[in-house]
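Read through the structure below, which is laid out as structure tokens, and then see the notes.
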Amino acid sequence: MASSVTGNYLPRGCAVFTTMPDILFIPELIFGGLVWILVASTKVALPNPQGWVMFVSVFCFVFTTVWLLIFLFGCNKGGIWPGMVFGGLVWILVASTHVKPENPQGWVMYVSVFCFVMTFLWLVIFACGGHKNSGGWATADFVYHFLAALFYLSASVPLASVTIAFSKIDASSKNYKIDIAAVVFSYTATLLYFIHFILSAIRWKSF
């Protein structure tokens, strides 16, 4: 297996699947997708749509911001400010409410779906050579994977805490076993993103 960690180049095409740390895209997608599926398949005692509302508002806010930057740098004009304003308000209002009983699955769902989508887009950009071997992309690569590792850690810890609490109620239930699997895969994804971050940071220093 080749390595681009110590070289000043970013792989493209099929080289992405045979080069460290970029080959980690595949297990990141697999374990991230498993967390997403497992959390989505569990049953919440008191159904609460706030997790989904939080995901939609944050996801659309982030992508609308990215879209705005693309339009600004592309010297285009678009009426996307209202989307940012109202999307941000939904995000803030939902985040300020109190959920009883506490359940982090909404945040775990957001992290897993968001990182899955972003990692897939990252993989496509690298495979198509969209980075053009730019130092800016090398910087963005290690910053993204640092944020992804941080997000997954912030989701894994409370999910593990709630799962432990569930074990005292019904340790033999199907939902409890699904939650255990979700915790394991969530920590695995955290580790993968952290390793990717470290190797990407080493590669970035050589640019």
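Excluded from the calculations below are hydrogen atoms, water molecules and symmetry mates; all remaining heavy atoms, backbone and side chain alike, are included. We're numbering straight along the sequence, starting at 1.
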(request) Go through the structure and list residues passing salt bridge (Lys or Arg N to Asp or Glu O under 4.0 Å) with D141, not counting sequence neighbours. (result) R203
For [X] against [Y], the heavy-atom pair lying closest together:
X: S112; Y: Y152; value: CA-OH, 3.3 Å
X: A182; Y: V35; value: O-CG2, 3.9 Å
X: V108; Y: A155; value: CG2-O, 3.6 Å

State the [atom1]-[atom2] distance between [X] and [Y], to the nearest 0.5 angstrom.
X: T188; Y: L34; atom1: OG1; atom2: CG; answer: 9.5 Å
X: I202; Y: M20; atom1: CD1; atom2: CE; answer: 10.0 Å
X: L24; Y: L29; atom1: CG; atom2: CG; answer: 11.0 Å
X: H196; Y: I23; atom1: NE2; atom2: CD1; answer: 11.0 Å
X: L153; Y: F194; atom1: CG; atom2: CZ; answer: 10.0 Å

(request) Identify, with sequence neighbours excluded, every residue that meets side-chain hydrogen bond (donor to acceptor under 3.5 Å, both in side chains) alongside S156. (result)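 Partners of S156 under the side-chain hydrogen bond (donor to acceptor under 3.5 Å, both in side chains) test: S186, T190.
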(message) Would you say I164 ends up clustered with Y187 if hydrophobic residues are merged whenever their side chains have heavy atoms under 4.5 Å apart, either directly or through other cluster members?
(response) no
(request) Tell me whether L121 is reachable from V113 by hopping between hydrophobic residues (I, L, V, M, F, W, Y) whose side-chain heavy atoms are closer than 4.5 Å. (result) yes
(request) For side chain to side chain contact (heavy atoms under 4.5 Å, CB included), just list the numbers for V124 and F120, CA-CA rounded to whole Å, side-chain angles, deciding distance to a tenth of an Å, and then say yes or no. (result) CA-CA 6 Å; V124 171; F120 180 75; 3.9 Å; yes
Mind checking side-chain contact (heavy atoms from CB on, under 4.5 Å) for [X] and listing every partner two or more places apart, or none if nothing turns up?
X: F142; value: T139, F197, S200, A201, W204
X: I26; value: F17, I30, L123
X: Y144; value: C115, M118, T119, W122, A148, Y193
X: P158; value: P104

(request) If the plane angle is over 60° it's perpendicular, under 30° parallel, otherwise tilted; pick one for F31 and F185. (result)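 Answer is tilted, since the angle falls between 30° and 60°.
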(request) Run the numbers on F25 and H145 for ring pair (Phe, Tyr, Trp, His ring centres under 6.0 Å), then give the verdict. (result) CA-CA 10 Å; F25 281 130; H145 284 94; 5.7 Å; yes
